[in-house]
Amino acid sequence: MQHAVESERTSQIALERFCTHFNYEPMAFRAADAQGRAVYHTNVLMCIATEFVLIGSSMIEQTARRDEVLQRLSQSGRSVIELTENQISKFAGNAIELQGASGRILALSETALNALDPEQKAAISDSTTLVSLSIPTIELSGGSVRCTVAGIHLTPRA
């Protein structure tokens with residue numbers, strides 16, 4: 001499944017080509033905040049990790065599509081950790097799971113970590129170690145930790 005928030009940054013043609021080439025199913029949807037401002041990037045809204053998903057699903061505009069996204073995420077075997085719009089505004093969706101030498105870590109900003117409630121932190125900590133980074137300058141421009149890290153999903157060479 002390839003999730004994509006529909007915005008000026010999203011190309012339907014590129015999404016379809018990617019999904020066809022890599023055998024993914026596209027799951028595009030519109031999302032906006034309470035003031036009707038469109039979410040500009042999927043990474044703002046959600047983080048898919050190995051065992052859980054952080055998502056601000058209340059911001060997905062179409063109820064039927066929201067239900068479909070949540071159903072598919074649940075069917076993947078991951079636990080769904082709902083984020084509020086306020087937590088999204090504090091970059092809680094802009095996290096990335098990384099593989100460390102001693103296990104998986106969830107890299108996120110201090111701002112994002114401080115926005116999570118104790119139950120959310122506990123749920124995340126069941127499968128990953130939370131690692132927060134202070135990146136206020138990047139956050140001033142609207143980005144956060146995930147924007148600064150490239151995920152490489154290649155098999156290591158021997």
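Scored by the salt bridge (charged side-chain N to carboxylate O under 4.0 Å, His left out) test, E25 finds R72 as partners (sequence neighbours excluded). Under the rule for a side chain to side chain donor-acceptor pair (under 3.5 Å), Q2 has no partner lying at least two apart in sequence or in another chain. Under the rule for a side chain to side chain donor-acceptor pair (under 3.5 Å), the partners of S76 that lie at least two apart in sequence or sit in another chain are R78. In this structure, R17 has no salt bridge (charged side-chain N to carboxylate O under 4.0 Å, His left out) partners at least two apart in sequence or on a different chain. The side chain to side chain donor-acceptor pair (under 3.5 Å) search around Q120 returns Q87, not counting sequence neighbours. Contacts of E97 classified as salt bridge (charged side-chain N to carboxylate O under 4.0 Å, His left out), with partners at least two apart in sequence or in another chain: R104. Applying the side chain to side chain contact (heavy atoms under 4.5 Å, CB included) rule to S7 yields the partners R9, T10; only residues at least two apart in sequence or on another chain are considered. Under the salt bridge (charged side-chain N to carboxylate O under 4.0 Å, His left out) criterion, D33 pairs with R37, not counting sequence neighbours.
Rounding to the nearest 0.5 angstrom, the gap separating the OG atom in S132 from the CG atom in L106 is 10.5 Å. To the nearest 0.5 Å, atom CG of residue N43 and atom OG of residue S144 are 10.5 Å apart. In this structure, I88 CD1 and N94 CG are separated by 9.0 Å, a value rounded to the nearest 0.5 Å. In this structure, OG1 on T111 lies 11.5 Å from CD1 on I138, to the nearest 0.5 angstrom. Note that OG of S134 and CG of L113 are 12.0 Å apart. Values are rounded to the nearest 0.5 Å. Interatomic distance, CD1 of I48 versus CD1 of I96, reported as 11.5 Å (0.5 Å rounding).
Residues L98 and A107 come closest through the heavy atom pair CD1-CB, 4.0 Å. Closest non-hydrogen pair, S109 versus F91, comes out as OG-CB, 4.2 Å. Smallest separation of non-hydrogen atoms from A95 and C47: O-SG, 3.3 Å. Across T42 and H3, no two heavy atoms sit closer than the pair CG2-O, 3.8 Å. Here the shortest heavy-atom pairing between A31 and L45 reads CB-CD2, 4.0 Å. What you find for A28 and R65 is that their closest heavy atoms are O-NE, 2.8 Å.
Listed for the S125 side chain is no donor-acceptor partner under 3.5 Å among the backbone atoms of A122. In this structure, the side chain of R66 engages the main chain of I60 through a donor-acceptor pair within 3.5 Å.
Atom CG of L140 is surrounded by more than 12 heavy atoms from other residues, nucleotides or ligands within 6.0 Å. Heavy atoms from other residues, nucleotides or ligands lying under 6.0 Å from CD of E8 number 12 at most.
The hydrophobic clustering, which links ILVMFWY residues whose side-chain heavy atoms are closer than 4.5 Å, places I124 and M46 together. Grouping the Ile, Leu, Val, Met, Phe, Trp and Tyr side chains by contacts below 4.5 angstrom, directly or via other members, places L70 with M1. Follow the hydrophobic side-chain contacts under 4.5 Å out from V44 and you reach I81 in the same cluster.
Identified under the salt bridge (Lys or Arg N to Asp or Glu O under 4.0 Å) test for residues 131-144, with sequence neighbours left out: none. Residue pairs meeting the salt bridge (Lys or Arg N to Asp or Glu O under 4.0 Å) criterion with at least one member in residues 87-96, sequence neighbours excluded, do not occur. Pairs of residues two or more places apart, or lying in two chains, that qualify as ring-ring contact (aromatic ring centres under 6.0 Å, His included) and include a residue from residues 23-68 are F18-Y24.
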Evaluation steps, side chain to side chain contact (heavy atoms under 4.5 Å, CB included), between Q62 and E68: CA-CA 10 Å; Q62 299 161 303; E68 185 179 4; over 6 Å; no
Show your reasoning for whether side chain to side chain contact (heavy atoms under 4.5 Å, CB included) applies to V69 and I55. CA-CA 10 Å; V69 168; I55 184 170; 4.0 Å; yes
Going through the checks in order, is the side chain to side chain contact (heavy atoms under 4.5 Å, CB included) test met by L54 and L108? CA-CA 12 Å; L54 302 173; L108 71 170; 5.9 Å; no
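With a 4.5 Å cut-off on side-chain heavy atoms, E6 and E61 do not count as touching.
Grouped with L15 in a hydrophobic cluster is no other residue, since no side-chain heavy-atom contact under 4.5 Å to another Ile, Leu, Val, Met, Phe, Trp or Tyr is found.
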